Amino acid sequence: MTAASTPQPTAARQLAAFAVSVRDTGLPDELREKVTGHLLDLIGNSLAALSQRPGAAVRDLTEEWGGTPAATVIGSATRLPAPSAALVNGTLAHSLDFDDTHLPSVLHPSASVLPAALATAEAVGASGAQLLAVGAVGIEVTCRLGMAQYDADLGNSVFFERGLHATAICGAIGAAVAAAMLRGLDADGICSAIGIAASMGSGIIEANRTGGTVKRVHCGWAAHAGVVAADMARLGLTGPPTVLEGRFGFFQAFCGDRFDADTVVAETTQQLGERWELSRLFIKPYPCNHFTHAGVDAAMRLRARGVDPERIARLTLGVPAPVLRTIAEPPAEKARPRSGYHAAFSGPYTVAAGLLARPGEPGHGLGVFHEDFTDEAAADPARLALAARVTCVADEECTAVFPHQFPAVLTAELDDGTTVTERVMVNRGSPENPLDATELTAKFYANTLGTGDERAVRALADTVWHIATAPDTAELTRALSAVADGT
């Protein structure tokens, strides 16, 4: 066979070769700094979720399972087997829906990948630079798998259209790549880890609409699956090299009739190492569904312009048409959310919270924050009265921008008949309007200062910001334990 007729390597093989290349050469400085910021964000979000039942339930379960201690649980002195630690930490990372987002794939890559990378890095004694490199590659793989099934005609991900949680499904493979890199697997071994993890990712998003806490576990299970897949490959289990684009492969199974093999290979592998989807990650300033954020910003802008909430007769929230089913339907559920968790997925409630927000005050983070999503806050008469005045509609301009941004147009009609409108077309925390290091640290402190001794919390932030030069993750795990026990 001539060189010209040599078949192109499969998508999984190309991703594996990319992973080996980055492991050998390292990350560009700007990407290393970006991943460090996402690691700080993930740890802060996880510590803030310690009081939530899903994380505690999963931790209790993994402690029942037992096994050889190898990796630290965030916010605890407890050490568990690496797959179990990844399961707990991934659950914590996604529990508050405060984790980062990639657009237009509409997935949350760090919450699956970084817990797997953290657990495996501790288990093998990897350096901070290695942790960041594998985290970057795992995130990149996750995002590219999500992008391969972004349908421009739909203006949405095929996964999402089918009710599938792309975050967990693609994240299991990204987590497997990160863990396999740290385990020292060669390109064939990483390819097998991809092939194994593709059989493990799962998740449906009906909980976004009608309740249930299972979605909070999705990223934990993906992180767990990734660590297990890498270990299985390390011990000789193999996966199909055509696992992504094959006739009975990943995309055919999950995306069916909208699957196109050539498109998948191109989207997944084009310009690997040259164009990084990682650079397109958004970091959330507010602990609620990302579709609601522009509405929150618009509400806070109205208040900053002097709009008195008591004078508002009605509010119209214009959003991209595809997000209505998540933040506006069923209307009665969204106007009176049944819990703080459900409130985080409500357009009307989050607009009300934004109108009553106190940004800059201690404990209030960057505006709307955790205290707005307790069960007590969700039942607050003042918030519910404002939420009842909100009508959610599809806005053509917002729909045209979606899902590259999650914009919103908010119009308040006052009691004298005048109207005031705020348009937010670029999300705060996006690559076009990023949170800087000071804002990221402020979010981290707002998330964590109530979880332990203030000195320990500040030492933890400093440790994370300097992780790139650490010889291993020992100082990081000590800092996490110090926050946990207040020492």
Side-chain angles (χ1 to χ4, degrees), residues 38 41-42 45-46 48-50 52-62 73-74 83-102 105-119 135 138-139 141-143 145-146 149 157-179 196-229 250 253-255 281 284 287-291 325-326 339 341-342 344-345:
H38 286 272
D41 191 57
L42 178 131
N45 296 338
S46 300
L50 289 174
Q52 302 290 311
R53 185 59 196 156
V58 171
R59 185 181 64 234
D60 291 346
L61 176 62
T62 55
V73 172
I74 293 174
S84 294
L87 173 56
V88 178
N89 292 342
T91 299
L92 290 171
H94 193 56
S95 280
L96 297 173
D97 277 284
F98 213 0
D99 41 333
D100 55 31
T101 306
H102 176 265
S105 66
V106 195
L107 50 72
H108 310 284
S110 292
S112 297
V113 173
L114 293 184
L118 274 170
I139 289 169
V141 169
T142 301
C143 294
L145 292 174
Q149 284 305 300
S157 164
V158 177
F159 286 108
F160 196 89
E161 288 288 330
R162 294 166 66 94
L164 299 168
H165 195 189
T167 292
I169 295 166
C170 300
I173 295 177
V177 171
I196 295 164
S199 289
M200 297 180 171
S202 185
I204 58 173
I205 52 176
E206 181 65 11
N208 280 9
R209 296 183 63 255
T210 57
T213 57
V214 64
K215 178 177 175 288
R216 306 190 200 194
V217 185
H218 285 181
C219 290
W221 194 252
H224 173 272
V227 175
V228 170
F250 178 82
F254 283 113
C255 301
L281 291 193
K284 289 184 174 183
C288 45
N289 180 267
H290 217 155
F291 293 161
R325 58 191 163 189
T326 300
S339 69
Y341 182 71
H342 296 110
F345 292 86

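Quick caveat: nothing in here was measured; it's all calculated off a predicted structure. Side chains included, hydrogens not; waters and symmetry mates left out as well; all remaining heavy atoms used. If you read the sequence from its start, that first residue is 1, and numbering goes on from there.
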Set of residues satisfying ring-ring contact (aromatic ring centres under 6.0 Å, His included) with respect to F159, sequence neighbours excluded: none

Under the side chain to side chain contact (heavy atoms under 4.5 Å, CB included) test, residues paired with S339 that sit two or more places apart: Y341, H342, D375

Qualifying residues under salt bridge (Lys or Arg N to Asp or Glu O under 4.0 Å), relative to D99, sequence neighbours excluded: none

Inter- and intrachain pairs under salt bridge (Lys or Arg N to Asp or Glu O under 4.0 Å), touching residues 167-176, at least two apart: none

Contacts of F98 that satisfy ring-ring contact (aromatic ring centres under 6.0 Å, His included) - sequence neighbours left out: F369, H370

Residues which pass ring-ring contact (aromatic ring centres under 6.0 Å, His included) with H165, listed by chain and number, not counting sequence neighbours: H94, H218

Euclidean distance, Q52 CD relative to T213 OG1, rounded to 0.5 Å: 10.0 Å

Pairing residues for A197 by the side chain to side chain contact (heavy atoms under 4.5 Å, CB included) criterion, not counting sequence neighbours: I173, A176, A229

Partners passing side chain to side chain contact (heavy atoms under 4.5 Å, CB included) against S202 (at least two apart in sequence or in another chain): none

With sequence neighbours excluded, residues passing side-chain hydrogen bond (donor to acceptor under 3.5 Å, both in side chains) with T101: H108, H290

Interatomic spacing from CG in L107 to OG in S157 - rounded to 0.5 Å: 7.5 Å

Exam field: side chain N89 to backbone I74, donor-acceptor pair closer than 3.5 Å: yes

Closest contact, heavy atoms only, G201 versus A172: CA-CB, 3.8 Å

Set of side chain to side chain contact (heavy atoms under 4.5 Å, CB included) partners for A56, sequence neighbours left out: R53, R59

Separation of F254 CZ from I169 CD1 (nearest 0.5 Å): 4.5 Å

Qualifying residues under salt bridge (Lys or Arg N to Asp or Glu O under 4.0 Å), relative to R325, sequence neighbours excluded: E161

For A222 against S112, the heavy-atom pair lying closest together: CB-OG, 3.5 Å

Interatomic spacing from NE2 in H38 to CG in L281 - rounded to 0.5 Å: 4.5 Å

Salt bridge (Lys or Arg N to Asp or Glu O under 4.0 Å) partners for D100, two or more places apart: none

